[in-house]
Structures are given as C-alpha cells and as structure tokens.
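The structure appears right after this line, and notes come after that.
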Amino acid sequence: MNAMAPTDQTKPRFSPLGTTGMIFEAPGAFDIEHQQRIWAMADAVGTWDGVREAVPGMTNLTVLFATPPRDIDTFGERIIALWNSGISKAVTGKTLDLPIVYGGEGGPHLADVSSLTGLSVEEVVGIHSAPTYTVYAVGSHAGYCYLGGLDPRLFVPRRAVPLLSIPGGSLSIAGAQTGVSASAGPSGWHTIGSADISFFDPTRQPPSLLRPGDSIRFHPEKVLS
Amino acid sequence: MMEILSSSALATIQDAGRHSYYRDGVSRSGVMDGVALALGNALLGNDADAAAVEIPMLPFSVRFDQDLDIAVTGADCSARLDDRALPPNWAITAKAGETLTLGAPRSGCRAYLCVAGGFDVPAVLGSRSTQLREQFGGLEGRMLQKGDRLNGRRAETLLPAGGIGVNLVPLRPTVGDVAEVRVIPAAEYGLFVPEAHQALWSAEWDVTPQSNRAGYRLAGPELRLQAPVELRSHGIVPGVIQVPPGGAPIIQLADAATMGGYPKIGAVIEADLWRLAQARPGAKLRFRQVSFAEALDALGELDAFLSQVRSTTARVRNAAQGWTR
C-alpha cells in the first residue's frame, strides 16, 4: 500500500467531536462511488431533528448538532444503518475551466515535485492537467474544494516545514490531493502553479463558486521554470 | 455613537458565531468566551447572540457621544468609566462624554464590551462576527482601530443608576493560572501509545505564545502514536485537540479551519470552551476525561445558570424602570 494513501478501514464507524458534532467514516476505498454515498447521506442527515448541518468530507461525513442527541450511540448506529442502506447520489454538476500558470513565482515548488517524482517539469504539468477533477468536498477555508482524481504518479508527501502563507489562487498538491487556495493562508502542500479566480463571495448565495459534484479542468496557460 | 480612542491589535466584533455555512468552508468565528457574551447580553436585555467587541489585548478605551447601556464582561481588566471603577461582569449606563478604559487584565485574557441591542453592523451569512481570513463580517471584515465609530442597535437606556452585575462563582471560574477543562476522547485516541494517554490526563499543559483565535499550541510531554496514520480530510470543530507529527497538541478554536487531517486525541467539551478563552499564553491547562453524557450535563448546567441570570436581570431592569416612571 502507498505510504501516502489514506488508511482503508474495513468497517463503518462513528466518533464524537465533543458534544458539538460527530464524524462518520466510510469503510473502503477513497473513490467516487464511496463519495456519492456520502453526498446522499449528507442530504438525508441534514434534515434530521437536532442536526444543524451535515457536511461531506473525504469519504466521511461530519454532523453538526443544533441539539446534541442524548444517546450518541443510537444516533451513530442510525447513521451506520443509513450507510448500509447503500443510498447514493450521482451529481452532474458544472465544470470550471481554469487557466493555470505552472511554476514561476506563483508555483515555487514545481521543481521540488519534479525531483520528488522523478518526472520532468513538462511531465508533471502534463499529468496534472490531464484529468477532469471532481469536487469531493468544500471546506478547510471558505470556498476551498477538495478534489478527487489526482494521478498516483504525482502523490508526494507534505512539505516538512509548512509555509506561513500562500496567496489565494495557489495550485498545490500533497498526498493523494490537489486543489486551488481560495484565499491566503498557511499551507504544508507543494505549490506548483497559480490561477486568477474567486472561489468565494460572501454576498453570493450560495457563497461558494463550486459544490460537491462539480468539476475542474486545469489548462496550462504558461509553464515557467 | 461611540468612538474608539485607543485599541491594541486584534479587537474585533464577534457574536455567537456563523453557524450554517460549514459546508461552504466558513469557520464558526464568533466570540471565544461564549459565557462572557451571554452574560453581557443578559445584563443588557439583548438577544443572546447580539454582537460585542472582543478585546484580547489591552488597554482599550472608547468615548461615548450619547447615553448608552453597556456591559463589560470576561477578563477582569480594571474597567473604569471616567474615574469610576466598575466591578467585573458589570453593566451600567455610560453617559454622553464619558470614557471607558480597560486596563491590563488581573485575571483572564479576553474582555468583552457589549452594548444595548448589540453592535450595529450588517449581518453577513447570518452573523455579525468578523471573519478575518476572508475579510467579511464585523466592521468591514477587519480589526478595530483608533477613530472607528460604532453604534448600538438600541438607544433606550434601561439600567438602574449604578448598574447591575453578575456573580460568576456558581460557574466555578478558574482561579490562578491552571485551568481544568473537560475532554471527550476522539476518533484516534486509541491509536496513541499508553504513555500518551497517561500524559494527556496527568500533565499540566503550557499554553504557548503561538496561541490565538484559530487555535492554542500546547507544550508538554510528546504525544506519540503507535504508528503513523494518514487520515482522509474530515470536519473539525472548536475544541478538537489535534496532534501533528511532532507530538505537540493543538486545540482548534473559533477561527480554525473547518476541515483537517491530523489525528485527534480528544475534544474539549463545548461547556468548557469559555475557560480556554480566558487561559492566556503562559497559563497551564489540565484535561479531565468525561463521557458524552457528562458533557451534556455540563452544557445543561451552564444553560440553566445563564437562563437564571437572564430572568433575574430582567426583573431588576423592570423594577428600575418602575422606579423611574
């Protein structure tokens, strides 16, 4: 098993986040079929009594309580039963075509990724910009999209020393994940490019540009060394 | 109207938090000390989530252009209205021309200025809390600065002469520099070595200077996993205690990211987050393990205390109105 791939679990499980919420973690692979089941569960659990929000993560679901259940175990068993029911939601969302400047000032770690993977800069760019990435989840910071679909040849460990801040629009990769920062903030990932895009606008409803099930295609506009 | 005469960095407008946009990646924000906000709003007869100014660095001073009911809660910071000393957790009518000054805290680390009706700034995504990373909410999405002018949303004054206060003793506030907070173990608790479990519950943890509204970095014994784990990114909430590979825990707080991937050893219970808010860098924390049911009981006790304060102070304000009419 790849050292950077998340651990596969064999059984569905739940655990409390204090009394504020709980996490349900799906068993099995990190793939779109499992994620579609999580999306369906989020829609269903979000309507349950006492639930404020049900938020998809990466093949997991975070439930935030408006009123915490008295019996967390019964609540958790109900969620596991919902998973076992196999409900699923295929979403055909919109596709964002995003021009990217790979490397240069906005992509200072492109060379690092090239040496970590043993691929040339051109190969890294070619492999990274080939797939259509699916938005699995939105979170971390406002409007940020967790994407599924990164080619395993580009799996690289997080940086040993995180950067205090990378600008909004930064395209970065780490582990089995890639994404574009929606605003400036700290990052332990490798920044390989940049885009001119606004993923979040608090005056818009919904405020995030993309939702789970939408897609992103990266188009190399320039490759700078 | 009031005008800020002096403010150190980091004072922001906050309410009870932005609660329904987690799925858009929007942090909860809101006050760090929810008890201080609830008490201030109770004393003033405000809605429980009316917006206040959170002041983590003192001194702070503000001058009033017109009579206004105010409350100062949270850290005991030698509050003075002109030359009148205000007791901790006190509400009073500030008169036009008077200046409120908050000094260095004698205990605690965050003071709250609440006003009648709450501060009048627009609600954005259901909250008046300042969201510093994305720069919205509060006053233009930023920290307050000298010269800013703010309004309360209620002009009418309702408080008796001399004001009213509330006694925090029933909540057993932290005395001295060691705060005990209650913790429910989280998903990866069982993946740590036995020495880590023992250290978690027995050590006194230092709140380091790398501590702010996003989270507190703690120093103490190294919390080691039995083996490295790589988790899929999942939701986290204020109170979650993450342990990055270095083994030093971080407690996620109001401005934390909504999702993360470090192993979680536990979560400080909602009813004790206010105690964390008042633990300053250099203070120590002790963790006590509780069950989910005990954590709910703690939340119930806190709610009961706050409703009692709300009803008692309402009676006092009503009586005061009777005397003046």
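Every chain is numbered from 1, with letters handed out A, B, ... down the list of sequences. For the numbers below, each heavy atom of this structure counts, side chains included, while hydrogens, waters and symmetry mates do not. Only a predicted model underlies this, so the values are computations on that prediction, with no experimental measurement involved.
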For this session: Mind ranking Ala256(B), Ser233(B), Gly235(B), Ala187(B) by heavy-atom pairs under 4.5 Å with chain A and telling me who comes out on top?
Result: Ser233(B)
Problem set entry | Test side-chain contact (heavy atoms from CB on, under 4.5 Å) applied to Val138(A) and Met259(B), step by step | CA-CA 9 Å; Val138(A) 177; Met259(B) 285 174 66; over 6 Å; no
For this session: For Arg232(B) and Asn60(A), work out which heavy atoms get closest and say how close.
Result: O-ND2, 3.6 Å
Identify every side-chain donor-acceptor pair in residues 239-246 of chain B under 3.5 Å, counting partners at least two apart or on other chains, and give the distances.
from	atom 1	to	atom 2	distance (Å)
Gln242(B)	OE1	Gln252(B)	NE2	2.9

For this session: Tell me, for Leu64(A) versus chain B, whether the close heavy atoms (under 4.5 Å) come from the side chain, the backbone, both or neither.
Result: side chain
Seminar exercise, completed: Per-residue tally against chain B (heavy atom, under 4.5 Å) across Ala66(A), Ala137(A), Gly46(A), Ser15(A) peaks at Ser15(A)
Exercise. Under 6.0 Å from the CD atom of Gln226(B), do we count more than 12 heavy atoms belonging to anything else shown?
Worked result: yes
For this session: Test Val26(B) against Phe200(A) for side-chain contact (heavy atoms from CB on, under 4.5 Å), laying out the working first.
Result: CA-CA 10 Å; Val26(B) 180; Phe200(A) 181 81; 3.7 Å; yes
Exercise. Non-hydrogen atoms of chain B under 4.5 Å away: do they reach the side chain of Ser208(A), the backbone, both or neither?
Worked result: both
Exercise. When only pairs under 4.5 Å are counted, which of Ala267(B), Gly137(B), Ala257(B), Ala298(B) shares the most heavy-atom pairs with chain A?
Worked result: Ala257(B)
Exercise. For Phe14(A), is it the side chain, the backbone, both or neither that has a heavy atom under 4.5 Å from a heavy atom of chain B?
Worked result: neither
Exercise. Should we say atom CZ of Arg159(A) is surrounded by more than 12 heavy atoms from elsewhere, each under 6.0 Å from it?
Worked result: yes
Exercise. What part of Ser140(A) is in contact with chain B, defined as an atom under 4.5 angstrom from a non-hydrogen atom: side chain, backbone, both or neither?
Worked result: both
For this session: Determine the option with the most heavy-atom pairs under 4.5 angstrom with chain A, choosing from Ile184(B), Val124(B), Leu125(B).
Result: Leu125(B)
For this session: Under 4.5 Å heavy-atom distance to chain B, tell me which part of Leu17(A) shows up: side chain, backbone, both or neither.
Result: both
Problem set entry | Student check: side-chain heavy atoms of Glu53(A) and His19(B) closer than 4.5 Å | no
Problem set entry | Spacing of Thr19(A) atom OG1 and Asp272(B) atom CG [to the nearest 0.5 Å] | 10.0 Å
Seminar exercise, completed: Between the CG atom in Leu296(B) and the OG1 atom in Thr67(A), the distance rounded to the nearest 0.5 Å is 10.5 Å
Seminar exercise, completed: Correct closest heavy-atom pair for Pro16(A) and Phe292(B) would be CB-CD1, 4.3 Å
Exercise. Does any heavy atom of chain A fall under 4.5 Å from the side chain of Tyr21(B), the backbone, both, or neither of them?
Worked result: both
For this session: Any chance you could measure Glu270(B), atom CD, to Phe65(A), atom CZ, to the nearest 0.5 Å?
Result: 11.0 Å
Exercise. Judged by atom type as modelled, is there a donor-acceptor pair below 3.5 Å linking the side chain of Arg133(B) to the main-chain atoms of Ser183(A)?
Worked result: yes
Exercise. How about residues 69-83 of chain A versus chain B: which residues have heavy atoms under 4.5 Å apart?
Worked result: Pro69(A), Arg70(A), Ile72(A)
Seminar exercise, completed: Pair count under 4.5 Å, heavy atoms only, with chain B: among Gly18(A), Gly57(A), Ala142(A), Pro68(A), highest is Ala142(A)
Seminar exercise, completed: Ranked by heavy-atom pairs below 4.5 Å to chain A, first place among Glu134(B), Arg182(B), Gln135(B) goes to Glu134(B)
Seminar exercise, completed: Listed by number, the residues in residues 84-92 of chain A that come under 4.5 Å of chain B (heavy atom to heavy atom) are none
Exercise. Counting only heavy atoms not in Asp97(A), do more than 12 sit closer than 6.0 Å to its CG atom?
Worked result: yes
For this session: Let me know if Pro56(A) has heavy atoms under 4.5 Å from chain B in its side chain, its backbone, both or neither.
Result: backbone
Exercise. Checking heavy atoms, do the side chain of Arg18(B), its backbone, both or neither come under 4.5 Å from chain A?
Worked result: neither
Exercise. Atom NE2 of His234(B) and atom CD of Glu25(A): how far apart are they, to the nearest 0.5 Å?
Worked result: 7.0 Å
Exercise. What do you reckon, is CG of Asp196(A) surrounded by more than 12 foreign heavy atoms closer than 6.0 Å?
Worked result: no
Exercise. So what's closer than 4.5 Å to chain A heavy atoms on Tyr22(B): side chain, backbone, both or neither?
Worked result: both
Exercise. With a cut-off of 6.0 Å (strictly less than), are more than 12 heavy atoms of other residues, nucleotides or ligands near CZ of Arg204(A)?
Worked result: yes
Exercise. Is it the side chain or the backbone of Glu188(B) that comes within 4.5 Å of chain A heavy atoms, both, or neither?
Worked result: side chain
For this session: Counting only heavy atoms closer than 4.5 Å, note whether Ala182(A) contacts chain B via side chain, backbone, both or neither.
Result: neither
Seminar exercise, completed: If you tally heavy-atom pairs under 4.5 Å between each of Val183(B), Val237(B), Ile269(B) and chain A, the highest tally belongs to Val237(B)
Exercise. So which of Pro207(A), Gly143(A), Gly185(A) has the biggest tally of heavy-atom pairs under 4.5 Å with chain B?
Worked result: Pro207(A)
Problem set entry | Short side-chain to backbone donor-acceptor contact, Arg23(B) and Ala54(A), under 3.5 Å | yes
Show me the donor-acceptor pairs within less than 3.5 Å that the side chains of residues 166-180 of chain A make with the rest of the protein, sequence neighbours left out.
from	atom 1	to	atom 2	distance (Å)
Ser170(A)	OG	Pro167(A)	O	2.7
Thr178(A)	OG1	His128(A)	NE2	2.9
Thr178(A)	OG1	Ser172(A)	O	2.9

